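The next block holds one structure in the form of structure tokens; read it before the comments.
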Amino acid sequence: MKARNALLAAFTLSTLATAVQAADEVVVYSSRIDELIKPVFDAYTAKTGVQVKFITDKEAPLIARLKAEGANTPADMLITVDAGNLWQAEQEGVLQPTKSAVIDANIPAQYRSSTDSWTGLSLRARTIFYSTERVKPEELSTYEALAEKNWEGRLCLRTSKKVYNQSLTATLIEAHGAEKTEEIIKGWVNNLATDVFPDDTALLQAIDAGQCDVGITNTYYYGRLHKQQPDLKVKPFWPNQDDRGVHVNLAGAGVTQHAPHAEQARKLLEWMTTPEAQGIFAGVNQEYPANPAVEPSAEVASWGTFKADSVATEVAGKRQAEATMLMDRAGWQ
Ligand code: FE
């Protein structure tokens with residue numbers, strides 16, 4: 001009997017040890033590539049001893065995987081880009097609310113889900129870029145003005161299939177209503193210099209090469225390209241400074257609905273909003289920290305300061321379906 005009890009005790013202890021060990025890890029599904037997240041996780045492990053395991057894939061397969069795995073998922077956290085995608089994940093029921101005074105204090109409400117299902121961690125502006133050879137910045141003013149006659153045959157756009165443009169359009173609908181937004185988008189489509197681009201980098205290269213004079217892309221693509229090509233004849237312009245401001249979107253994360261280590265995931269998420277982590281997370285991709293107490297990198301700061309649209313970023317998700325249909329009607333391929 002004694003021996004059996006001892007065996008039982010040993011069994012219980014080893015089970016407990018396994019449980020404790022498992023609690024010291026967080027499993028992350030990420031649509032950001034390895035080199036953009038690994039430095040953050042390495043710093044967290046060095047600081048806390050908590051192991052962060054992650055897999056990377058595109059957001060749609062990751063969300064589908066979370067749904068399929070349901071309560072059996074090993075994933076504690078989902079990291080993805082664009083408030084439109086995070087909102088989608090929330091709608092699909094794969095995220096759970098994380099109430100946190102730390103996150104609330106570190107990240108402005110407009111960059112968080114109103115249900116606390118996700119928070120932004122880094123920001124990117126989707127702004128106007130222009131040819132320094134063929135455009136004077138004084139000729140530029142607003143996103144809306146790119147629909148005017150003087151830009152005919154001079155504008156480049158990325159495909160409307162990309163969530164970034166759907167989110168931009170969603171915020172235009174929020175600001176102007178559907179009818180006026182459709183007019184603006186039709187104006188853009190009429191002004192296109194060439195077919196829509198599959199990605200932002202190709203679009204920036206087209207401006208540099210003289211294929212078009214202006215376009216709309218995310219700031220970090222410019223950062224990357226400019227680093228490779230310091231003589232790039234393209235610069236950012238900050239539109240709508242006299243009204244609602246520049247369209248800003250984010251990369252962010254949420255704790256999964258069935259997280260096996262929800263408490264550890266919350267702690268990691270909280271840490272990712274602190275100045276210590278924000279510099280790394282935003283810096284590796286030339287983004288703006290979502291925590292306003294943290295300065296952007298020198299390179300990003302060199303692009304100048306601007307007023308950002310104060311609209312809640314989740315509007316990008318709420319109006320995504322409407323935006324997609326409107327872009328289609330307006331002929332934006
Ligand atoms: Fe991107």
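When a ligand or atom number is given, it counts from 1 through the structure's own listing order. Counting begins at 1 with the first residue of the sequence. The structure displayed is predicted, hence computed values, not measured ones.
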Original post:
Is the distance between the ring centroids of Phe129 and Tyr222 less than 6.0 Å?
Top reply: yes
**OP:** Using a cut-off of 2.8 Å, find all protein N, O or S atoms closer to the Fe ion (ligand 1) than that distance.
**Re:** Tyr164 OH, Tyr220 OH, Tyr221 OH
Original post:
Restricting to pairs with a member in residues 143-195, which pass disulfide (SG to SG under 2.5 Å), not counting sequence neighbours?
Top reply: Cys156-Cys212
**OP:** Classify the angle between the aromatic ring planes of Phe54 and Phe41 as parallel (below 30°), tilted (30 to 60°) or perpendicular (above 60°).
**Re:** tilted
Original post:
Can you list every salt bridge (charged side-chain N to carboxylate O under 4.0 Å, His left out) pair that touches residues 72-81, not counting sequence neighbours?
Top reply: none
**OP:** Please list, chain by chain and in numerical order, all residues satisfying side chain to side chain donor-acceptor pair (under 3.5 Å) with Arg124, sequence neighbours excluded.
**Re:** Tyr220, Glu287
Original post:
Which value, rounded to the nearest 0.5 Å, describes the distance between Leu192 atom CG and Glu152 atom CD?
Top reply: 11.0 Å
